[in-house]
Amino acid sequence: MRSSAWVVSAALLVGAAVVFGADDGIPAQDVRLLSGSAWLSSAKVGQVTLLDGSTAEVAAQLQVAPPGNVVDVVQAGSTAYAVDKTAGTIRRIDGATFELSTPEAPIPDSRAGLTAFAGENVLYAFDSERGVLVDTDPRTVARRGKEQTLAAQVGTNTTTLDDAKRLWVLENSTGVLTRFDGQERTNAKVTDPGENVVTIAGGSPVVVNVQGRKVITVDPITGTADRTIGLDLRADDTVQVSGSPHDPRVYIVASRGVVHICDLTVGSCEQVIPLTANSKLGPAVEAGKRVFVPDYTTGQVWIIDLAGGKVVAKPQVLTPAGDFQLLARDGVVFFNDPESARAGVIQLDGTVLNTAKYDETNPNKGLTQPVAGQSGQTPPSAGASQPTPPSQANPQSNPPRQTSPRNTPSITQPPNRTQQTQQPYQSQQPNPNQHSSSPSQQPSNSSSSSSQPPPTPDPLPSLRITANPSAPVAGEPATFNVTASDGQQLSNIRWSFQGGGSKTGAPVQQTWNQEGQYLVSVQARIPDSRETSGSVTVTVGAAPTISVSVTVAPGGRITGGPGNLASCSSGSRCTGEVDRRTNITFRMEPDSTHRIGKWRTPAECAGSTSATCTVRTSTHTESISVANEFEAKPAPTKLTVRVTAATGSSGTVTVRGGGTDGRDCVALSQTTTCTYTVTEPDTNAVFVSAAARSDSHFAGWTEGPCAGGKADCTFNVFNDTTIAGKFAVGSATFIWLLPMLGLRIPPQAARDKRQREVGI
């Protein structure tokens, strides 16, 4: 049997690039109580409620913290522990008497990162932000061992308690899995550094390496890696991981809308159950051979029959929808909304039994009175009214308590409360500066002012946190400020941002890169040097996006968009969501048989023959369509260059452009014919240039598009083309001077003879 130790988060926590329960809602837990009931938290009112699994009725309702404080419930059998993350304290709830212990802080100065892991006769307190672990007495909640130091920011998704009450902590920075058994500690490297999570399946630890796409079983005796199983994840998948409480089976819910079921006995994760790609899904829980997956987008729960491998029901549990907790035990699944009174149970056939954990119009109504006179009962808890018969009243035997400088604000007692109703939360911690009087200072039986109790300090003011904008979106900064409820000046202001580290002062700016819900906590000092604190859960919306479709004409591809729009191939259509705060430059890239045509859409690029198109997403109110045209290149044509060189003359014709190979055509006292293949005949012009040697001159083009023109000629080749030219004997300078000297230019034969005679 798996240990009855689970943390039920009252805050809607969000994690980083990989999400295991936190980023997509509240961690799914497996609560198995001998009583058939489960403790549920209500952070909005600072209460915990015991819900009966068979009737969905409230069995107990306790005030454990001021309203608005972040409260977790850790359960071991019928006993529970209330973890106040805002105050940094833990309180024990007796499962038989419902009696609350006084708040204890086993890890000093721990706040948002404080959590606990409980089993039979074992309780660990853990600060995930600082990596501090303490073995704690499960009855008194007092530290009973020295601090164990781990890597900071370990996280609860990499920490779990097994059936043998051993705590397993995985450090993602090193891939080392540490096992704690009381004060004993062992370490073993079981995975690669990066995104990993550890869970318990069938009583043994299992590590899921998200980046490496593998599931690693761990030997619970040696703490070393035992077996590796391949996992078919996509590069952009974020996942939620949980294990079966009874069988060696792991459930991995991927963000693309599927559930991978890994059977560790046969070493396979091949069973995949499709759900939906358009919802925010949470981690799965198992009960009665069925798997339950929360759908936070619709407020429904997917119920999968393990035997048939298919979805058999999808009941609605929250209307309106929102993030909620899902907890399983003994064939019954509980659901809980920590931010409201909504809760209930889901039966195996999908039947939903709804209940209210408290009266939303009067949350203090119906608070449970602890049972007095039980063996081992601790002094009255902060939330309980303990009336004393008048005959036994003694003001000196029960002096009023002073609040500690670290106390959180108390809640004013509402009027017309009965003695059967539990009193609102007040701290039970004594003031360390309050000492008992010496015998000489004890008051006499006579009435005097010295018999009056010491004055009680003013209540601590609450802290009000504001955010601008109040609903930030991923990727954009939000400015946070804090004020005291009574207007007192604040100093030494310290912030803790889940997923974003810590800051000091006010105002401060914080940016989250992913959507989700994040806990923001703040501590500050008032003028009398006392400390007060507050927290709020901030919902970060998704970055504003717009749908873009890219339709590519045959003959090439379009590149430049994000995600699956980065490269869209010939003749296909690609779609995706893009951040509408950015501009996107798309580029046409034709293949070897085509060339750039024009853009058909969007409007800002329509008709353009440029290779690129820049889309300004902010100017579009609806989806954006990008489409283009490629043009087929014409078939190659042939260019023939025929050059005649008279006897004794020579020259060279240079050919460039049009996709030709650029070879020179050389003519030496004869007719030379050169052939070129023009691969781009109608887009790139062909350039020819005739240059004679020093003893010759170019006599002109005699045929083709350059006929009668100069030695340098540019033309386009639309089909097979021939050009012809000739070189003659004698320099061009000599021939040009003859008319100026009054000499007649003789026929070619006579010129040749004369030149030979004079030795030119």
Side-chain angles (χ1 to χ4, degrees), residues 4-13 21-22 24-33 35-65 67-75 80-85 93 115 156 240 242 280-287 292-296 298-303 315-347 351-360 363 366 517 519 537:
S4 302
W6 304 270
V7 177
V8 182
S9 174
L12 303 180
L13 304 179
D24 287 338
I26 300 172
Q29 312 295 339
D30 175 22
V31 179
R32 291 180 283 122
L33 308 177
S35 62
S37 302
W39 288 96
L40 306 176
S41 61
S42 301
K44 185 177 181 180
V45 295
Q47 297 179 8
V48 294
T49 303
L50 183 63
L51 199 64
D52 182 85
S54 60
T55 63
E57 294 180 351
V58 174
Q61 179 186 347
L62 302 176
Q63 189 81 35
V64 297
N69 276 22
V70 181
V71 178
D72 287 355
V73 174
V74 184
Q75 197 158 333
Y81 299 89
V83 181
D84 187 336
K85 291 177 175 286
I93 306 171
T115 187
T156 56
Q240 309 274 1
S242 54
K280 179 183 177 183
L281 303 174
V285 300
E286 178 192 321
F292 296 70
V293 180
D295 189 328
Y296 304 133
T298 64
Q300 296 173 299
V301 173
W302 298 78
I303 303 179
Q316 186 81 34
V317 299
L318 285 190
T319 303
D323 291 2
F324 57 94
Q325 299 169 337
L326 205 59
L327 311 97
R329 82 115 188 125
D330 294 338
V332 179
V333 175
F334 295 81
F335 68 90
N336 177 44
D337 178 9
E339 299 302 319
S340 75
R342 299 182 295 180
V345 298
I346 310 170
Q347 297 178 342
T351 301
V352 177
L353 304 177
N354 292 287
T355 192
K357 295 173 292 180
Y358 56 87
D359 186 337
E360 292 194 288
Q517 290 182 305
L519 177 66
T537 299

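Since this is a predicted model, take the numbers as computed values, not measurements. Positions are given from 1 along the sequence.
In this structure, CG in Asp295 is found 11.5 Å from CG in Leu326, a value given to the nearest 0.5 Å. Remark: Lys44 NZ to Lys357 NZ distance equals 10.5 Å, nearest 0.5 Å. Rounding to the nearest 0.5 Å places CZ of Phe324 at 5.5 Å from CG of Leu318. We find the CG-CG distance between Asn336 and Leu51 to be 8.5 Å, quoted to the nearest 0.5 Å.
For Ser340, the side chain to side chain contact (heavy atoms under 4.5 Å, CB included) partners at least two apart in sequence or on another chain are Asp337, Arg342, Glu360. The side chain to side chain contact (heavy atoms under 4.5 Å, CB included) test applied to Thr55 returns Asp52, Glu57, not counting sequence neighbours. In this structure Asp359 satisfies the side-chain hydrogen bond (donor to acceptor under 3.5 Å, both in side chains) test together with Thr361, sequence neighbours excluded. In this structure Ala60 satisfies the side chain to side chain contact (heavy atoms under 4.5 Å, CB included) test together with Trp39, Leu50, Phe98, Thr368, sequence neighbours excluded.
Residues Val333 and Val345 have side chains not in contact (no heavy-atom distance under 4.5 Å, counting atoms from C-beta outward). In this structure the side chain of Tyr358 reaches within 4.5 angstrom of the side chain of Gln47, judged on heavy atoms. Side-chain contact between Asp323 and Lys280: present, with at least one pair of heavy atoms (C-beta onward) separated by less than 4.5 Å. Here the side chains of Ile346 and Val317 are in contact, with some heavy-atom distance below 4.5 Å. The closest side-chain heavy-atom distance from Leu62 to Ile93 is below 4.5 Å.
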side-chain contact (heavy atoms from CB on, under 4.5 Å) for Leu353 and Gln347? Distances and angles first, verdict last.
CA-CA 8 Å; Leu353 304 177; Gln347 297 178 342; 3.8 Å; yes
Check step by step if side-chain contact (heavy atoms from CB on, under 4.5 Å) holds for Val70 and Asp84.
CA-CA 6 Å; Val70 181; Asp84 187 336; 5.8 Å; no
Can you check side-chain contact (heavy atoms from CB on, under 4.5 Å) on Lys85 and Asp72, steps first, answer last?
CA-CA 8 Å; Lys85 291 177 175 286; Asp72 287 355; 2.6 Å; yes
